[in-house]
Colleague: 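Pasting a structure here, questions to come.
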Amino acid sequence: MMKQIIHHFNNSKNILLAAHVDPDGDSVGSLTALGLSLESLGKKITLYSESAIPAVYRFLPASDRIVRTINGLNGCDVAVILDCSNIDRVGKAASTIKQIPEIINIDHHTTNTNFGTIQLIDTWACATAEIVYRIIKNIGVRITKAIATSIYTGILTDTGSFRFSNTNESAFAICKEMVEYGVDPSYVAEHVYGPFSLGRLKLLNRALDSLEISATGKLSIMTLTRDVFEKTNTHPEDTDGFLNYARNIKDIKVAALIQHQLNGNRTEEPVSENCYHVSLRSDGTVDVAAIASAFGGGGHRNAAGFSTELTISEIKSKLLKLAETI
Ligand code: AMP
Ligand code: MN
Ligand code: MN
């Protein structure tokens, strides 16, 4: 697979790279790392993300070159889909992208559907950025500080700063190497985890206030509706990390956060008036990817999510019913 991918990259001229909607550090970092690498080989690249890039990742090199719309195929001969368990995770452009002759699926989700013409899926990789690193090494790109910063950020954020169960030996080995290429860990941490708005703290307050625990004591549910985001002047991306509090409560096995889906940017029309995004985190004893899949979503064993048009009370009652079995 690696050989085939490198062959396609070498023979292509015009490559579209895409991240998933509501991108996280891994999908933005993988996008900019691979994009800059392919550009250094003389390829024309288009970096695509339907949702706005969260403010905390805008320090990433080339993140200002990420476009939110594509007009037709523009002569692209290869598409690279990063960190997406299915192709629809790229958003509305999926139907256009599907027409690109070669679609390379690079991912680490257990629920990946094997879409595309070539797949490089490693569910043991700590992040998609780890797989991107291997490609870059194999293709013989010179790793610049900009590329290194992108890879480092992808691994740092997807491993929860080397705390989650996907933290493997390569996470440390690759990050060590990226520091040798000039990455400044404190600079990255300042941006990713650095100062945040008062509104975000108020949003956290509202999220914690909304916390409910199932009768079994094993499931916690937090809920954030659109009006709360409006009142606190915050965005969906501001909820990043909130679930860690709920998951760390003693005896909790699964933590859920239900939030109005606002398409990553509060100034835009919501995807649909009553669409919710549900994030799930597990303590390691429950496979939340399986739960998310049952709702049409996906993810990893310990971190998964889905979007739904069910009402809040329907979502809650379904989750509570599930809680009786965990
Ligand atoms: P989140 O719900 O955004 O906290 O995401 C947790 C994990 O689940 C990430 O690895 C996402 O890529 C994945 N995920 C979230 N929503 C979906 C979805 N609708 N379909 C497939 N995977 C998802
Ligand atoms: Mn991701
Ligand atoms: Mn990832």
Side-chain angles (χ1 to χ4, degrees), residues 18-31 33-34 49-51 53-54 57 81-91 94 105-115 120-133 150-151 153-160 164-168 170-171 207 221-222 224 235-247 254-264 271-272 275-282 287-310 315 319:
H20 60 72
V21 292
D22 294 326
D24 48 23
D26 188 27
S27 67
V28 183
S30 297
L31 189 67
L34 189 57
S49 162
E50 176 178 301
S51 319
I53 301 303
Y57 302 124
I81 314 295
L82 296 154
D83 203 40
C84 292
S85 54
N86 63 73
I87 193 161
D88 294 323
R89 289 277 290 153
V90 301
N105 166 1
I106 300 173
D107 187 34
H108 66 133
H109 289 94
T110 50
T111 53
N112 193 287
T113 57
N114 277 311
F115 68 87
L120 192 58
I121 298 155
D122 179 359
T123 58
W124 294 104
C126 63
T128 296
E130 177 182 340
I131 310 172
V132 166
Y133 162 84
S150 298
I151 291 174
T153 303
I155 293 178
L156 179 77
T157 53
D158 247 29
T159 58
F164 300 156
S165 57
N166 56 334
T167 309
N168 55 15
S170 346
I221 305 178
M222 297 192 290
L224 286 172
H235 306 266
E237 69 200 49
D238 289 312
T239 62
D240 228 34
F242 285 9
L243 271 171
N244 292 333
Y245 294 100
R247 197 201 47 188
V254 175
L257 169 65
I258 305 171
Q259 63 185 96
H260 247 130
Q261 186 139 356
L262 304 174
N263 204 14
V271 184
S272 129
C275 191
Y276 294 96
H277 183 77
V278 182
S279 298
L280 299 169
R281 299 291 182 272
S282 143
D287 181 1
V288 288
I291 299 177
S293 296
F295 286 91
H300 309 282
R301 198 184 145 81
N302 296 335
F306 63 90
S307 295
T308 178
E309 294 199 354
L310 294 172
I315 301 168
L319 290 175

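Position 1 is the first residue of the sequence, and the numbers go up from there. Fair warning: this is a prediction, and the values are worked out from it, not measured in the lab. As the structure lists them, so they are numbered: ligands from 1, and atoms in each ligand from 1.
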Colleague: Starting from atom 23 (C) of ligand 1, which protein heavy atom do you reach first, and at what distance in Å?
Modeller: Gly298 O, 3.4 Å
Colleague: Looking at the Mn ion (ligand 2), which N/O/S atom of His20 is the nearest one?
Modeller: NE2
Colleague: Report, in ascending order of atom number, the atoms of ligand 1 lying under 4.0 Å from any heavy atom of Ser85.
Modeller: 21 (C), 22 (N)
Colleague: So, Asp158 versus His108: side-chain donor-acceptor pair below 3.5 Å or not?
Modeller: yes
Colleague: If you measure every N or O of His20 against every N or O of ligand 1, does any of those distances drop under 3.5 Å?
Modeller: no
Colleague: Of all the atoms in ligand 1, which lie at a distance below 4.0 Å from a heavy atom belonging to Ser279?
Modeller: 1 (P), 2 (O), 4 (O)
Colleague: Between the side chains of Thr110 and His300, is a donor N or O closer than 3.5 angstrom to an acceptor N or O?
Modeller: no
Colleague: Looking at Asn86, Asn105, Thr123, which hits side-chain hydrogen bond (donor to acceptor under 3.5 Å, both in side chains) with Asn112?
Modeller: Asn105
Colleague: Would you mind running through ligand 1 and noting each atom that sits below 4.0 Å from a heavy atom of Gly299?
Modeller: 8 (O), 13 (C), 22 (N)
Colleague: So does His108 have any N/O/S atom less than 2.8 Å away from the Mn ion (ligand 3)?
Modeller: yes
Colleague: Mark up the atoms of ligand 1 that fall under 4.0 Å of a heavy atom belonging to Phe306, in ascending order.
Modeller: 16 (N), 19 (N)
Colleague: How about Asp26: does one of its N, O or S atoms come closer than 2.8 Å to the Mn ion (ligand 3)?
Modeller: yes
Colleague: How wide is the angle at the Mn ion (ligand 2) spanned by Asp83 OD2 and Asp24 OD2, rounded to 10 degrees?
Modeller: 130°
Colleague: Return the name of the atom in Asp158, of element N, O or S, nearest to the Mn ion (ligand 3).
Modeller: OD2
Colleague: Taking the side chain as every heavy atom from C-beta outward, state whether Ser27 and Leu82 have any pair of such atoms under 4.5 Å apart.
Modeller: no
Colleague: So, Asn302 versus Ser165: side-chain donor-acceptor pair below 3.5 Å or not?
Modeller: yes
Colleague: So if I count the atoms of ligand 1 from 1 in the order they appear, which ones are less than 4.0 Å from some heavy atom of His277?
Modeller: 1 (P), 2 (O), 3 (O), 15 (C), 16 (N)
Colleague: One residue to check: Glu237. Relative to ligand 1, which of side chain, backbone, both or neither has a non-hydrogen atom less than 4.0 Å away?
Modeller: neither
Colleague: So, is Asp107 placed with an N/O/S atom under 2.8 Å from the Mn ion (ligand 3), counting both backbone and side chain?
Modeller: no
Colleague: Please compare Ala256, Ser307, Gly305, Ala292 and report which has the shortest non-hydrogen distance to atom 15 (C) of ligand 1.
Modeller: Gly305
Colleague: In ligand 1, which numbered atoms sit nearer than 4.0 Å to a non-hydrogen atom of His300?
Modeller: 10 (O)
